[in-house]
Amino acid sequence: MIGIALAGTAVLAPAVACSSSGGGASPAAQGAEPVPSASASPAPPPEHPFTGQPVAGRRPVLAVKIENTSSGKPQLGLRSADLVYIEQVEGGLTRLMAVFSSKFPAKIGPVRSARISDLHLLPMFGKPALAYSGVQSKMVPLVQRASLFDVSDSAAPGAYFRQSGRVAPYNLFADTKKLLAKAPKASKADDIGFTFGDAPAGGTPKKSFNVKYPAARFTFTWSADQKRWLVTQDGKKDMAAEGGQLGAPTIVVQYAKTTRSEFHDFTGSYTPLIHTTGTGKAVVLRDGKAYKAEWSRSSEKVGTMFTTEGGEPMTFSRGQVWIVLAAPKPVQP
């Protein structure tokens, strides 16, 4: 702009010398082009409600039940998840529910059976697609009435395949594109109560944090280089099939009442029911610190709000979030 203004002055200089006008604006001033004002900055792209990261638009929600014992590891596709829930199941073990929306891996697995606690979590996502492999027979009517699109291996068999090199039942994987094709009306991602942003004041510096279940133990270790909490289960690094250790910028340990449900497996071991409505305590891990927090969820149709001890919104780091659903004390119903 400076170059343009100088050039214009040089061209108009002779006209100024020949002018005999007195007061008022000079011909040079009258003929000068107005200096354009700085254009307004473009609005930043909207943030994804599950990760706080910018996205071009909202996409459907796909939840997938994933094996979480050594027999089914390494898992494939978890690195692409927006959210990863750890849930207690029979025998004090755990299973995962991975939630995808901002991006989808080509394949995901091993896919395993659903549990009653899933049906209480999923309504916060509207009516998402749920990929799983079987449920207890008494749960079938509940699944049929639940707020979800069933894309299980029974409802969408063409979306599943057996992965070579793995042993059944830990070799069932799914094609996510085919899963979504079977649920074209699945709800798109929407607010589930999370807040993203700079870390709040306070917090306790932590190098690692442990969560115990009756038959599983997790350690989340802060990596300053990767700016993530890396996951270790039962003393072994939790590695992804794609390579690298699983982990996330934010780990939410949500302490929730865990009781015996009406369902049990063929050995007579009862299925835990995780109560994810109401209120409770939580610990949020981010940026190498642990923050005491509280959670509340007034009904199954709304998301879970996390607040600091002072009642302010508890902000998460942007990126993948793991929600560890744990009893205040390890309990095996």
Side-chain angles (χ1 to χ4, degrees), residues 63-78 81 83-99 108-121 132-139 166-172 206 208-221 229-241 245-248 251-276 280-283 285 290 321-333:
V64 187
K65 291 308 303 287
I66 304 292
E67 174 65 26
N68 199 39
T69 64
S70 57
S71 299
K73 295 189 176 184
Q75 300 111 323
L76 178 66
L78 286 180
L83 311 171
V84 178
Y85 286 87
I86 300 180
E87 304 170 293
Q88 183 175 334
V89 293
E90 300 82 9
L93 297 170
T94 62
R95 187 157 290 176
L96 305 181
M97 183 172 73
V99 180
I108 179 73
V111 180
R112 295 301 309 275
S113 54
R115 293 293 186 274
I116 185 61
S117 295
D118 303 324
L119 304 188
H120 294 285
L121 275 174
Y132 65 97
S133 176
V135 293
Q136 296 175 25
S137 57
K138 290 199 304 182
M139 261 188 66
R166 304 228 184 184
V167 179
Y170 311 107
N171 62 350
L172 185 65
K206 285 282 185 181
S208 63
F209 192 90
N210 297 315
V211 178
K212 293 182 180 179
Y213 293 88
R217 175 171 50 90
F218 293 85
T219 299
F220 303 97
T221 304
W229 295 87
L230 303 179
V231 183
T232 299
Q233 183 177 348
D234 301 327
K236 296 181 180 179
K237 292 181 179 180
D238 215 347
M239 307 302 290
Q245 190 171 356
L246 292 172
I251 306 291
V252 180
V253 184
Q254 182 179 346
Y255 294 104
K257 182 180 179 181
T258 303
T259 60
R260 176 182 291 188
S261 75
E262 62 181 292
F263 306 101
H264 57 80
D265 63 16
F266 67 94
T267 68
S269 181
Y270 276 86
T271 302
L273 173 60
I274 306 168
H275 298 261
T276 51
K281 301 293 185 180
V283 173
L285 306 176
V321 179
W322 283 50
I323 302 94
V324 185
L325 298 172
K329 293 182 179 180
V331 58
Q332 186 166 327

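Sequential numbering from 1 along the given sequence is applied to the chain's residues. Since this is a predicted model, take the numbers as computed values, not measurements.
No more than 12 heavy-atom neighbours from other residues, nucleotides or ligands sit within 6.0 angstrom of NZ on Lys206.
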With side chain to side chain contact (heavy atoms under 4.5 Å, CB included) as the test, would you mind laying out the steps for Ile323 and Ile86 before giving the verdict? CA-CA 6 Å; Ile323 302 94; Ile86 300 180; over 6 Å; no
Assess whether side chain to side chain contact (heavy atoms under 4.5 Å, CB included) is satisfied between Phe220 and Val324, documenting all intermediate values. CA-CA 11 Å; Phe220 303 97; Val324 185; 3.7 Å; yes
Evaluate His120 against Leu273 for side chain to side chain contact (heavy atoms under 4.5 Å, CB included), listing each step before the verdict. CA-CA 9 Å; His120 294 285; Leu273 173 60; 3.6 Å; yes
With side chain to side chain contact (heavy atoms under 4.5 Å, CB included) as the test, would you mind laying out the steps for Val89 and Thr271 before giving the verdict? CA-CA 6 Å; Val89 293; Thr271 302; 5.9 Å; no
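Sorted by first and then second residue, the pairs that involve residues 87-97 and meet salt bridge (charged side-chain N to carboxylate O under 4.0 Å, His left out), not counting sequence neighbours, are Lys65-Glu87, Glu67-Arg95, Glu90-Arg115.
Smallest separation of non-hydrogen atoms from Ala215 and Gly91: CB-O, 3.3 Å. Shortest non-hydrogen contact noted between Gln136 and Phe263 is OE1-CB, 3.0 Å. The nearest pair of heavy atoms linking Pro214 to Gln332 is CB-OE1, 3.4 Å. What you find for Pro272 and Ser117 is that their closest heavy atoms are O-OG, 3.5 Å. Listed here is the closest heavy atom pair of Arg217 and Gly235: NH2-N, 3.8 Å. Here the closest heavy-atom approach between residue Tyr270 and residue His264 is recorded as CA-CB, 3.7 Å.
Among residues two or more places apart in sequence or in another chain, the side chain to side chain donor-acceptor pair (under 3.5 Å) test is passed with Gln75 by Asn68. Looking at residues two or more places apart in sequence or on another chain, you find no ring-ring contact (aromatic ring centres under 6.0 Å, His included) involving Tyr170. For Lys281, the salt bridge (charged side-chain N to carboxylate O under 4.0 Å, His left out) partners are Glu294, not counting sequence neighbours. Listed by chain and number, the residues in a side-chain contact (heavy atoms from CB on, under 4.5 Å) with Asn210 are Thr219 (sequence neighbours excluded). With sequence neighbours left out, Tyr132 forms a side chain to side chain donor-acceptor pair (under 3.5 Å) with Asp150. In this view, Trp229 and Trp222 satisfy the ring-ring contact (aromatic ring centres under 6.0 Å, His included) rule, not counting sequence neighbours. Evaluation of the side-chain contact (heavy atoms from CB on, under 4.5 Å) rule for Ala63 yields Met97, Val99, Leu122, Leu130 as partners, not counting sequence neighbours. With sequence neighbours excluded, no residue satisfies ring-ring contact (aromatic ring centres under 6.0 Å, His included) with His275. Under the side-chain contact (heavy atoms from CB on, under 4.5 Å) criterion, Thr267 pairs with Asp265, Ser269, not counting sequence neighbours. Not counting sequence neighbours, the partners of Asn171 by the side chain to side chain donor-acceptor pair (under 3.5 Å) test are Arg162. Applying the side chain to side chain donor-acceptor pair (under 3.5 Å) test to Thr232 and every residue at least two apart in sequence or in another chain returns nothing.
Taking the side chain as every heavy atom from C-beta outward, Trp322 and Tyr85 never approach each other to under 4.5 Å. At least one side-chain heavy atom of Leu96 sits under 4.5 Å from a side-chain heavy atom of Leu78. Side-chain contact between Tyr255 and Val283 is present, with at least one heavy-atom pair separated by less than 4.5 Å. Between Ile116 and Met139, the closest side-chain pair of non-hydrogen atoms falls below 4.5 Å.
A distance of 14.0 Å separates CD of Gln233 from CE of Met239, quoted to the nearest 0.5 Å. Separation of atoms CG (Leu230) and OG (Ser208) is listed at 11.5 Å; rounding is to 0.5 Å. Taking NZ of Lys236 as the start and OG of Ser70 as the end, the distance is 6.0 Å to the nearest 0.5 Å. Atom CG of residue Leu121 and atom OG1 of residue Thr276 lie 4.0 Å apart, to the nearest 0.5 angstrom.
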